[in-house]
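Step one of this worksheet: look at the structure below.
Numbers for residues simply follow the sequence, beginning at 1.
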Amino acid sequence: MIDNKPPQELTSTYFNSIIKKAVSPVTVDNLDPVLVSRFENAVEQGFPEDFEQTKERIHYLIPYILNSIDWDAYRLPLEGWQLKYYYKRDRFLEVTGLDYQKFLEHSALMDSLEQLSLAPAPTFEFILFLKYYYTLRSDLRHSPNEILASLKQALATSTDDEIVMDVKVGKRHFKFENVEFIKRLFNAVDDEALNLVRFNDSFSEGVYRDKVRALDYYMIKTLLDYLPIKVEKRRGKFTQAERNFSLSVLNFVGRLAGDDIEGICSQENNVTFDKLMRDFRDLPIPYAMELFL
């Protein structure tokens with residue numbers, strides 16, 4: 001029975017197989033209040049010292065987390081350790097470089113939030129969560145020796161009891177906990193020889209640019225689907241407030257550079273939003289964490 005396995009093994013072994021591939025997005029306003037209450041109880045278990053602040057921050061994330069996972073197949077209740085697995089906020093901030101104060105100072109973004117009746121704190125956390133995992137996806141463009149260098153650096157700075165290598169071959173897992181063996185294995189790999197396999201050929205400039213734009217689409221469409229936006233829609237068309245919000249998010253996370261925020265994040269730039277939605281509208285949106293569980 002998987003219930004007897006430790007949390008870290010449960011996560012690495014079973015998680016990818018119980019991610020739902022097709023979901024109908026729901027917002028927190030559409031969730032059963034009993035389900036929300038159970039989730040908040042789990043939040044209190046996971047973050048007893050920062051319960052109220054954490055509950056506020058992840059409020060909009062609740063349906064995204066619950067909706068994307070087949071919890072019946074997981075056969076475990078949502079508990080505190082699972083939330084900590086999801087919500088590594090310090091790591092998110094470090095990797096993405098996003099800053100809440102700068103978020104609050106982004107005038108166009110704040111204006112769009114007001115028009116959409118969205119609260120700043122949980123909106124920022126949802127953007128932070130998605131940006132972190134989609135940043136990891138975009139980092140797949142790095143060459144093998146860059147990845148290997150990062151792994152070696154991690155090994156050099158980790159304590160021995162933190163180092164475990166979990167290798168999957170077919171449907172079987174092999175876990176290595178001999179620290180010296182793991183370190184020797186990585187140090188023995190010839191970085192330059194590995195790089196000769198030309199791992200990153202598929203990320204030529206044109207192809208790479210489209211891959212990153214797809215990640216932009218995943219982020220924006222997920223936010224528009226799951227945030228409890230309160231606007232009058234016309235036959236599913238995006239409103240100007242939604243367009244402004246989306247452009248502001250892309251500007252805030254560094255995907256639409258420029259100092260002219262009022263021009264970039266307004267109807268003057270609608271073509272950027274409309275083209276992004278049109279170019280990828282038939283592309284299935286993957287769950288943000290899917291590659292990294």
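Here F124 and F103 bring their ring centres to under 6.0 angstrom of each other. Between Y134 and Y218, the ring center distance clears the sub-6.0 Å criterion.
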Chi angles and distances behind the side chain to side chain contact (heavy atoms under 4.5 Å, CB included) call for R255, V249: CA-CA 9 Å; R255 292 292 299 134; V249 169; over 6 Å; no
CA sep, side-chain torsions, deciding dist, call: K55, E44, salt bridge (charged side-chain N to carboxylate O under 4.0 Å, His left out): CA-CA 8 Å; K55 182 175 73 170; E44 191 165 13; over 6 Å; no
Test log, rule side chain to side chain contact (heavy atoms under 4.5 Å, CB included), inputs N269 and L256: CA-CA 11 Å; N269 198 25; L256 286 180; 4.1 Å; yes
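Interatomic distance, L109 CG to L247 CG, rounded to the nearest 0.5 Å: 11.0 Å. Atom CD of Q53 sits about 11.5 Å away from atom CD1 of I58, to the nearest 0.5 Å.
Side-chain contact check for E242 and T239: at least one donor-acceptor pair (N or O, by modelled atom type) lies under 3.5 Å. Looking only at atom types and distance, the side chain of N270 has a donor-acceptor partner in the side chain of Q240 under 3.5 Å away. Defined by atom type and a distance below 3.5 Å, a donor-acceptor pair is missing between the side-chain atoms of T222 and D225.
Side-chain N or O atoms of T123 include one that pairs as donor or acceptor with a backbone N or O of A119 at under 3.5 Å. Judged purely by atom type and a 3.5 angstrom limit, N67 uses its side chain to pair as donor or acceptor with the backbone of S24.
Among all heavy-atom pairs drawn from L227 and Y60, the shortest one is CD2-CD1, 3.3 Å. Across S248 and H106, no two heavy atoms sit closer than the pair O-NE2, 3.8 Å.
Both F238 and L116 sit in one connected hydrophobic cluster of ILVMFWY residues. Membership requires side-chain heavy atoms under 4.5 Å apart, directly or through other members.
Looking at F273 and I220, their side chains come closer than 4.5 Å, going by heavy atoms from C-beta outward.
Below 30°, between 30° and 60°, or above 60°: for F92 and Y133 the angle between ring planes is above 60°, a perpendicular geometry.
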